[in-house]
Structures are given as C-alpha cells and as structure tokens.
Amino acid sequence: MAKIIDNPELAAELISQGEVVAIPTETVYGLAARGDDDNAVTQIFAIKERPQFNPLISHYCSLEAAQADVDINIKVVKLAKHCSPGPLTYILQTRSGCRISTLARANLSTAGIRIPSHALAMRVLESVNFPVVAPSANPSNRLSPVSAEHVDRLLGSKLKYILDGGRSQIGIESTIVDLSQAQTRILREGFITQELIASILEETIYSDMVSDIVAPGMLAKHYSPNYDLILNANPQTQAEALLAFGEAYPTFTKTKNLSPNHSLEEAAANLFSYLHEFEIEGIQSLAVMPIPSQGIGLAINDRLKRAANS
Ligand code: TXA
Ligand code: MG
C-alpha cells in the first residue's frame with residue numbers, strides 16, 4: 001500500500017528529489033514526477049506499464065512558467081485567459097532548450113501542457129521550478145482514478161506516495177487541443193467543449209479523436225473495467241447491472257444512476273467512480289443507458305465507447 005499524505009509542500013519536495021507521487025487534479029488523479037529527470041520519467045512509464053511511444057503531458061502553475069519549454073502562441077494566450085487554470089491541455093511546439101525530457105515527449109517536437117485548477121495540485125506546482133509530468137494514475141488501459149482510494153487500489157503496490165485531495169470534481173480527463181499546427185484540432189473531448197474553444201478562437205475547430213498518429217494514447221482500447229459493457233441499452237438488455245442516466249429502467253435490480261436529473265456535468269463526475277464501484281462489486285456485465293451526445297456528453301460517450309471496446 002502507498003502512503004497517503006495530505007501536505008502538498010511535502011509532495012513537491014518528494015517530487016523534487018525524483019520520487020513519483022500521485023497527486024489530485026480537478027479532472028482525474030495524476031502520477032506526478034520531474035519532467036526534466038529521465039529516471040523519474042522512466043519510473044512513471046514502468047509503474048503505468050505505458051508504451052514508450054505514448055507521450056506525457058507537463059503541468060505548470062501558470063503559462064509564464066511554461067514559456068521556457070514551449071512556444072506560447074496567440075491561441076494559447078486567448079484560450080488560457082478563459083480556461084486556465086482548468087481542464088484543458090494545449091499541444092504546442094517545444095522550444096530549443098526545452099527542459100521536458102525527450103523520453104516524456106516520446107521524441108516529438110511538440111508537448112502537451114496543462115495548468116490544473118485543483119488547489120493542492122496548484123500548491124505543488126507553485127513550489128517547484130521545473131515541469132511536472134503527470135499522466136492519469138491508472139495502469140495503461142484501466143479505469144482512470146478520481147480518488148486516492150482508486151489510485152491505491154490500482155497502483156498501491158507499485159507506488160510510494162499519494163497526495164489525497166478528495167474526489168476529483170470534474171471526473172473526466174482534460175480536453176486536449178492541438179495548437180501546434182495552423183489548423184486547431186481537438187484530440188480528446190472533455191469538459192471544455194469544441195464549441196467553447198471555437199467561440200474563443202473565432203475559428204472552425206475540427207475534432208480528430210481517432211487519429212492514433214497525432215495522439216498515440218488515443219487508442220480505441222482504453223479505460224477498460226474488467227466486466228463487459230453494453231452501450232445504448234434498452235429495458236430488455238440482458239446484463240447483471242444498470243448504469244442509468246435520467247429515469248432508470250425498472251427492469252434492473254442493481255442500478256447506479258449517473259444523474260437522475262439529466263445533468264451531464266453530474267454524470268461525468270460520477271462516471272469513473274461508479275465504474276470502479278461495479279468492478280469492486282465483481283459484476284460480469286453492465287448495461288449503460290443512452291447519454292445525449294452534447295456538451296460534456298460527448299466526452300462521456302467517448303470514454304464509454306473506449307471502455308466497451310476491450
Ligand atoms: O486530465 C488530464 O489531462 C490528466 C491529469 C492528471 O492532468 N492527465 C492525463 O494524462 O490524462 P494522460 O497521459 O493519461 O493523457 C494525456 C494524453 C495521452 O493520450 C497522450 O497520448 C496525449 O495526451 N499527448 C501527450 N503529448 C502529446 C503530443 N505532443 N501530441 C499529441 N498528443 C499528446
Ligand atoms: Mg490516461
């Protein structure tokens with residue numbers, strides 16, 4: 001079992017010394033380490049069993065703190081004014097002298113950067129003067145964690161420290177927007193929607209979530225629980241339990257409701273928690289009611305589709 005700590009300055013100190021520490025963010029928990037230290041980065045890949053070709057994103061307390069590593073263009077300045085700190089990751093061209101290890105960047109000329117809004121994550125980042133790489137704190141292809149308990153259950157045997165910051169409020173990984181090319185593209189849907197980004201940048205934004213080349217991590221199989229998922233279920237779907245949205249089908253005896261009141265934000269916040277709970281309860285199959293593909297519903301359906309694809 002990992003040691004649960006609650007002091008962000010201690011977490012920052014451990015990370016400075018080259019340790020890997022799981023930290024809370026408003027989206028999901030991350031496995032944090034010095035991005036400028038090959039040893040620390042190597043440990044992250046080993047703990048997650050993550051393929052080396054899948055790059056990590058770097059976290060900072062501000063855009064200014066990132067400017068030594070990446071090219072701060074006008075689009076990121078505009079977006080950050082509205083969306084950072086918050087659940088948005090920017091893909092940008094790296095600069096010469098970029099401190100982010102090439103291992104962490106998987107040798108790409110671009111890097112993902114994010115400024116998280118979680119208060120404890122912010123205190124960790126304000127205490128250091130190097131990029132902090134942090135992928136989601138789950139083994140590759142498993143459910144993302146939204147609490148310290150989830151991280152401990154998934155990775156406790158391989159990890160020394162977890163900074164406990166309570167439940168992640170948003171509950172779904174950050175939106176990833178690629179600002180490194182002339183054409184802006186969304187590589188991963190999240191709480192920050194395509195519409196919002198398009199209205200801030202005043203341009204048409206394309207969604208390119210299925211391209212395995214641009215975002216190697218966006219593989220179809222991802223976020224899988226160890227039971228079968230049946231999406232867009234109807235009341236007669238044969239499954240052991242139901243993940244409901246809105247008014248639950250009465251034909252199921254075991255049900256968890258993502259949001260009885262049809263709130264997509266509430267559904268996103270509950271999604272990974274409920275999928276973890278069903279895993280702990282040991283079910284074999286889960287029927288999932290249809291979820292509207294609008295706003296953050298797009299991100300929810302994206303994660304569900306990947307989870308069902310295993
Ligand atoms: O909400 C989040 O973003 C969380 C928290 C901890 O910050 N982090 C997270 O990291 O979800 P990770 O590694 O699980 O997902 C980041 C994704 C990966 O799929 C990776 O392939 C993609 O970002 N990525 C990283 N660098 C990239 C780059 N230069 N170009 C394209 N995609 C990149
Ligand atoms: Mg991940």
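Numbering of ligands and ligand atoms starts at 1, following listing order. Residue numbers start at 1 and run along the sequence shown.
- Looking at ligand 1, you won't find any N or O of T25 less than 3.5 Å from one of its N or O atoms.
- Among the atoms of S144, no N, O or S atom is found under 2.8 Å from the Mg ion (ligand 2).
- Residues T89 and V177 have side chains not in contact (no heavy-atom distance under 4.5 Å, counting atoms from C-beta outward).
- Close approach to S174 involves these atoms of ligand 1, each under 4.0 Å from a residue heavy atom: 1 (O), 2 (C), 3 (O).
- Annotation: Y29 places no N or O atom under 3.5 Å from an N or O atom of ligand 1; distance criterion only.
- With a 4.0 Å cut-off on non-hydrogen atoms, R114 touches ligand 1 through its side chain and not its backbone.
- A donor-acceptor pair shorter than 3.5 Å cannot be found between the side chains of R50 and N141.
- At a heavy-atom cutoff of 4.0 Å, ligand 1 is contacted by the side chain of I176 but not by its backbone.
- The CD atom of E9 sits 4.5 Å away from the OG atom of S127 when rounded to the nearest 0.5 Å.
- No side-chain N or O of Y29 forms a donor-acceptor pair with one of S144 less than 3.5 Å apart.
- Among the candidates Q43, K160, R34, the single residue satisfying the side chain to side chain donor-acceptor pair (under 3.5 Å) test with E19 is K160.
- The N/O atoms of H59, backbone and side chain alike, include one that comes under 3.5 Å of an N/O atom in ligand 1.
- Using a 4.0 angstrom heavy-atom cutoff, A134 counts as in contact with ligand 1.
- In this structure, N301 contributes its side chain and G297 its backbone to a donor-acceptor pair below 3.5 Å.
- Against a heavy-atom cut-off of under 4.0 Å, E173 is close to the following atoms of ligand 1: 1 (O), 11 (O).
- Of all the atoms in ligand 1, the ones that sit under 4.0 Å from a non-hydrogen atom of G30 are 6 (C).
- Remark: E279 engages R142 in a salt bridge, criterion side-chain N to carboxylate O under 4.0 Å.
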(message) I'd like to know whether R303 forms a salt bridge (charged side-chain N to carboxylate O under 4.0 Å, His left out) with E173, so could you lay out the CA-CA distance, the side-chain angles of the two residues, the decisive distance to 0.1 Å, and finally the verdict.
(response) CA-CA 9 Å; R303 304 310 189 273; E173 298 86 346; 2.8 Å; yes
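- Looking at K48 next to ligand 1, no N or O pair under 3.5 Å apart turns up.
- In this structure, H150 and H276 have parallel ring planes: the angle between them is below the 30° cut-off, well short of the 60° mark.
- Every atom of ligand 1 with a heavy atom of L187 under 4.0 Å away is listed here by number and element: 31 (C).
- Taking each of G190, A137, A121, P55 in turn, the one with a heavy atom nearest to atom 25 (C) of ligand 1 proves to be P55.
- Within the 4.0 Å heavy-atom shell around ligand 1 one finds R50.
- The closest side-chain donor-acceptor pair between E189 and T175, if any, does not fall under 3.5 angstrom.
- Contacts between T110 and ligand 1 below 4.0 angstrom, taking non-hydrogen atoms only, involve backbone and side chain alike.
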